[in-house]
Amino acid sequence: AAGVIQSPRHLIKEKRETATLKCYPIPRHDTVYWYQQGPGQDPQFLISFYEKMQSDKGSIPDRFSAQQFSDYHSELNMSSLELGDSALYFCASSRRQPKTEAFFGQGTRLTVV
Amino acid sequence: GDSVTQMEGPVTLSEEAFLTINCTYTATGYPSLFWYVQYPGEGLQLLLKATKADDKGSNKGFEATYRKETTSFHLEKGSVQVSDSAVYFCALSDKGGSEKLVFGKGMKLTVNP
């Protein structure tokens with residue numbers, strides 16, 4: 001079965017650079033979530049989209065933005081990167097009708113040097 | 001706001017030992033409850049879930065029962081295997097909102113032969 005696809009799997013950036021993370025949800029899933037997991041930490045919710053509209057916002061820095069496109073894929077844009085942004089970024093997708101739980105991608109490991 | 005408190009570990013067990021990971025939650029409504037597992041270098045996988053009080057989720061020998069009176073969702077397995085070595089996260093989602101997940105801190109389990 002198709003899963004949530006994230007790209008790239010690994011990314012190394014320098015401080016103050018920008019990064020774009022992509023997420024391709026499971027087909028027919030209408031909701032996408034982004035989470036950030038720091039080293040040894042629990043995943044923290046950043047932002048979610050339902051039917052291409054932002055549905056909820058968590059602890060996402062102002063330097064970050066995200067959107068969901070017409071084909072339901074989503075991108076997380078991160079600017080002015082800081083060392084503390086180094087983390088594993090997960091995307092998850094789900095469907096509201098009929099309801100499914102969230103399925104996670106394998107994550108993008110971002111390292112800021 | 002909603003929160004999840006779980007045993008953090010790390011915990012080391014011998015193969016065939018009994019496992020309990022405690023998890024309690026605080027929520028304004030009646031959330032859905034989940035256990036996710038994260039194997040080394042991989043994403044989050046749903047292990048089991050329960051959506052209402054007294055529901056029991058089970059999968060791969062793991063079980064957890066949604067206890068509204070004690071606001072708990074403890075994970076148990078009667079006989080662990082080496083392949084169960086992973087990080088276990090308890091999580092909740094509110095049914096009426098965006099259904100974002102709120103995670104506990106995670107517990108690293110190592111099972112030795």
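By convention in this document, chain letters (A, B, ...) are assigned in the order of the sequence lines, proteins followed by strands, and residues within each chain are numbered from 1.
With a 6.0 Å radius and a threshold of 12 heavy atoms from other residues, nucleotides or ligands, A/E17 has its CD atom above the threshold. For A/D62, the CG atom counts as loosely surrounded, since its 6.0 Å shell holds 12 or fewer non-hydrogen atoms of other residues, nucleotides or ligands. No more than 12 heavy-atom neighbours from other residues, nucleotides or ligands sit within 6.0 angstrom of NZ on A/K15. The neighbour count for A/R28 CZ, taken as heavy atoms of other residues, nucleotides or ligands under 6.0 Å away, does not exceed 12.
Below 4.5 Å, heavy atoms of chain B meet heavy atoms from A/E101, A/A102, A/F104, A/G105, A/Q106, all part of residues 100-113 of chain A.
Considering CD of B/E42 and CG of A/L88, their distance stands at 11.5 Å, rounded to 0.5 Å. Rounded to the nearest 0.5 Å, atoms CD (A/Q37) and CD (B/Q38) are 4.5 Å apart. The line from CE of B/M107 to CG of A/D42 is 14.5 Å long, rounded to the nearest 0.5 Å.
Side-chain heavy atoms closer than 4.5 Å link hydrophobic residues (I, L, V, M, F, W, Y) into clusters, and following such links, possibly through other members, connects B/L48 to B/L109. By the criterion of side-chain heavy atoms lying less than 4.5 angstrom apart, applied directly or through intervening Ile, Leu, Val, Met, Phe, Trp or Tyr residues, B/I21 is grouped together with B/V111 in one hydrophobic cluster. With hydrophobic clusters built from ILVMFWY side chains whose heavy atoms lie under 4.5 angstrom apart, B/Y39 shares a cluster with B/L19. In the hydrophobic clustering of this structure, A/Y33 does not group with A/I5; members are Ile, Leu, Val, Met, Phe, Trp, Tyr whose side-chain heavy atoms approach within less than 4.5 Å, directly or through other members. In this structure, B/L75 is a member of the same hydrophobic cluster as B/L33, with clusters built from ILVMFWY side-chain heavy atoms closer than 4.5 Å.
In this structure, no portion of B/K108 lies under 4.5 Å from any heavy atom of chain A. For a residue to count as touching a neighbouring chain, one of its non-hydrogen atoms must lie under 4.5 Å from one of that chain's; by this rule A/Q6 does not touch chain B. There is no contact between A/Y50 and chain B, counting heavy-atom distances below 4.5 Å. With a threshold of 4.5 angstrom between heavy atoms, B/L46 approaches chain A through side-chain atoms but not through N, CA, C or O.
The stretch residues 70-90 of chain B participates, sequence neighbours left out, in these salt bridge (Lys or Arg N to Asp or Glu O under 4.0 Å) pairs: B/K77-B/D84.
Within the 3.5 Å criterion, the main-chain N or O of B/L101 finds a donor-acceptor partner in the side chain of A/Y35.
In terms of heavy-atom proximity, B/F89 sits nearest to A/P43 at CE2-CD, 3.8 Å.
Aromatic pair A/F45/B/F103: ring centres not closer than 6.0 Å.
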